[in-house]
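Every value quoted in this text rests on a predicted model; they were computed, and no experiment measured them. In each ligand, atom 1 is the first atom listed, and ligand 1 is the first ligand listed. Excluded from the calculations below are hydrogen atoms, water molecules and symmetry mates; all remaining heavy atoms, backbone and side chain alike, are included.
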Amino acid sequence: MGWITSIISSSSLELLPWLAFCAIVIGFAHSAYVALAGPLSDIPAIHWLAQWSRYYNLYIKYFYSTRTAHYEAHLRMDKNSSVHPIVRVGPNEVSIMSTEGIKTVWGAGFERSPWYAVFSNFGKPNMFSSTSSRAHSSRKRIFASSYSKTAVTGDRVQSIIKSRVARIMNFLERQSSSNSTFHGSSGPVVVRNVFRALQADVFTAFAFAEGEGTDFLNHLEMGPNTVEDLGMGMMDLFHDEKRDEFFFWESERPFKYIGKFLARNGPKSHERAQRWLMELLKPHEARLQSTDPIKSTEKGLRQFNGGVYEKLMFYKNPETGNPLDWTERASEIMDHAVAGQDAVPAALEFIIRQTSTHPHVQAKLRLELLTSLPLGAEDRSFAMIDTLSYLNAVIMEGLRLVDTISSYQTRVVPKGGCVISGHYLPAGTIVAAQPYLINRQPDVFPDPETFNPSRWLLPREDYRNLAKSMWTYSSGPRSCVGRELSLAIIKTVVADTYIRYKTTLLDSDRTEKRPWEGADFMAEVRFENILACEDGEWIENRVRKPSLFPVEAHEQVQEPVRRSSIFQPSFENRASGEDKIQETVVNPSERQRTANVQFNLNSFTKGNETPNPNTTTQRRAPGDEQKNNNINDQVIPPHQSLGAQAWLEQHYGPRKPSLVPSLLPLPLGAQGQKGGEQREDILRRPSVMHMYETEEDIAPLKKPAGKVSRLRRPGLGRMRTAPERVDGVLQGN
Ligand code: HEM
């Protein structure tokens, strides 16, 4: 007892070491209790250090990847070669990998963890960064209708999307016309940059107004780094290291307090992004102020179908009657811009990467597009695209496997706690889940690493259940508000691309690394114009194609470069009469219609090689060329060459009877959901699936559930290479 008396009698300065000692002992005892005897102690830990300190998870976050590390932990923990649904990743944090866990936490709308504060801009919270559900739902009410399926499929948004995708198609057309090495094929195109430009152009026109957003797509020729070259600050946030720095140092306790000093470029690029947005906002706000504003009543706002920013500008808080100040508006809109800016390009690049490395998928997809859609882009409505089952399957499968930035999501268990997979989680526990893991549950998605669109070809109810388990857009009240917009963009791009181009991944041996993991390689893709190719001959050179895509005058496709080919007589030879038969368009204004008829795939599938009487083409005798020797006016119809069905079979293999006609998925989307009539129509179509569904394609559906091939447990040093392995498996199919 003597030492206690001596402590009490000593001066406060002398007490300090004792106090420090006691604090350490108490801290250690507390950590030991939490780690070994606390309520989470019965949950297997990713590593013994994780039970003691949250820095273990931060270490993984910074040096490796929570996606692969947590995924492997979930697989490793289970004794039955399946996945363990819950794993402890910190003293107070668990990772879950089960649909049931997601329902418990996300379905019930547990609050976000304070980590999300990093997404505030201009010093103001926004819908995404606010942790309180109340603040979130009042903000979401303002513009949820602008992002609804009705709005996205409406004229305003559709015309924005279509015109921007048309710019990409024209860019590809110019690329393939000017490539002197491969006739009708583009050189390497860094697709992610193209899609970044697309997303920025679509979103800014969507959020502000046509003509008041960015215009990157018209500057793609400036080079692969167009987006960065144009100095758009926002993109800077997606510059690999800068983003890593920004998100890590500014979001994680205790670093966020000193993050500004630790991260060299992150905060700077955030500031730059904010300045960039201000530049866009200024003229838009000025115009809105000077025009008749929408009614600032709740009803008026809901009915208004214009830009999201306009809604924010005239919104008044119903309780206080106060409008949002400009920093609040800017914070909100910047967040929406950032939210889609990485995810959409990443998803599109991934889908193109997969279709390029899975030729049978690409062939099926193309057949469905060619047999179901008109060739002229202006004749295709999104409603038509939205009903295609194989296109939908390819996109769903791509979105299932893609690893987008919106990955590590965390929620806090509320008062009263909850039970997940038989484990009690007390209030305050942080629950983390990632689409990367949830979308790879082997009992839901057999053979989860395989890119297999056919797994989505299911009867309606089964399809819905499967889709509910896919978590790419998260779930519950705080799921992605941009879902419909992004799906519309992705579907339009994929349909417009594959109806016209065959894609090949260049240098497919190179490993895909995710940009935020230090990517040094973004997919380079070659686009080969298949509509220009018939029976080994390139029509491209002989035909001044009427553009298949609606474009504004200044965007008209440039004159194709004339070139001779080993496959065909040169144009000059043809003009001098070496070819016996030529066809010309009588009325050039009808070129578009001619082109549509020319490749009418309904007659393709029926094997009908008779020219359609509606065409404006007519046969001309040799010698008549001089009257019409403009390449712009010359068309070679498909019936002169190999029949379309024969051509398709030659390229894609013989037609096979369907093994699973009844498994055709029912179409998604507004049309399909409304009633059975349209669905029936679609089911009656000569479907690609009937021709090409094979035993091999549906094999994964038959695999016994709950099995997964075990992954090699990586040492920490090897985790860096994990994406290679995952990618290898994906691409090996
Ligand atoms: C493939 C594309 C996309 C994917 C995979 C995706 C994914 C997600 C996910 C997983 C969340 C929830 C994140 C969390 O709770 O931590 C989310 C939220 C959000 N997303 Fe997306 N997103 C995509 C495209 C877009 C687009 C194009 C926009 C808008 C232009 C957008 C705007 C938002 C917003 C505003 C939120 C916050 C919603 C809220 O807090 O209620 N997203 N997104």
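- For the residue pair Asn57/Thr66, the side-chain donor-acceptor check at 3.5 Å is not satisfied.
- Between Arg164 and Glu210, at least one side-chain N (NZ, or NE/NH1/NH2) sits under 4.0 Å from a carboxylate O, which counts as a salt bridge.
- For residues 109-127, every residue pair satisfying the salt bridge (Lys or Arg N to Asp or Glu O under 4.0 Å) rule, not counting sequence neighbours, is listed here: Lys124-Asp325.
- Here atom 33 (C) of ligand 1 lies nearest to Ala339 when heavy atoms of Ser486, Ser129, Ala339 are compared.
- Judged by distance alone, the side chains of Ser146 and Lys311 do bring a donor and an acceptor atom under 3.5 Å apart.
- With Ala433, Ser479, Ala488 as candidates, the residue nearest to atom 38 (C) of ligand 1 on a non-hydrogen basis is Ser479.
- Close contacts between ligand 1 and Lys140 involve ligand atoms 41 (O) [criterion: under 4.0 Å to a heavy atom].
- Between atom 11 (C) of ligand 1 and the options Cys480, Ala347, Ser137, the minimum heavy-atom separation is to Cys480.
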Pair His70, Tyr408 - check ring-ring contact (aromatic ring centres under 6.0 Å, His included), show working.
CA-CA 11 Å; His70 289 192; Tyr408 200 76; 5.7 Å; yes
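- For ligand 1, the atoms lying closer than 4.0 Å to a non-hydrogen atom of Thr472 are 5 (C), 7 (C), 10 (C).
- For the residue pair Gln441 and Thr99, a side-chain donor N or O sits within less than 3.5 Å of a side-chain acceptor on the partner.
- Remark: ligand 1 atoms within the under-4.0 Å shell around heavy atoms of Gln199 are 27 (C).
- Within ligand 1, counting atoms from 1 as listed, the ones closer than 4.0 Å to a heavy atom of Phe203 are 30 (C).
- Heavy-atom proximity to Arg411, at under 4.0 Å, picks out these atoms of ligand 1: 15 (O).
- Every ring pair (Phe, Tyr, Trp, His ring centres under 6.0 Å) that Tyr309 has, sequence neighbours left out, goes to Phe208, His284.
- Across the listed options Gln409, Gln434, Arg112, Gln409 owns the non-hydrogen atom lying nearest to atom 10 (C) of ligand 1.
- Residue-ligand proximity, Ser474 to ligand 1, at heavy-atom distances under 4.0 Å covers atoms 10 (C), 12 (C).
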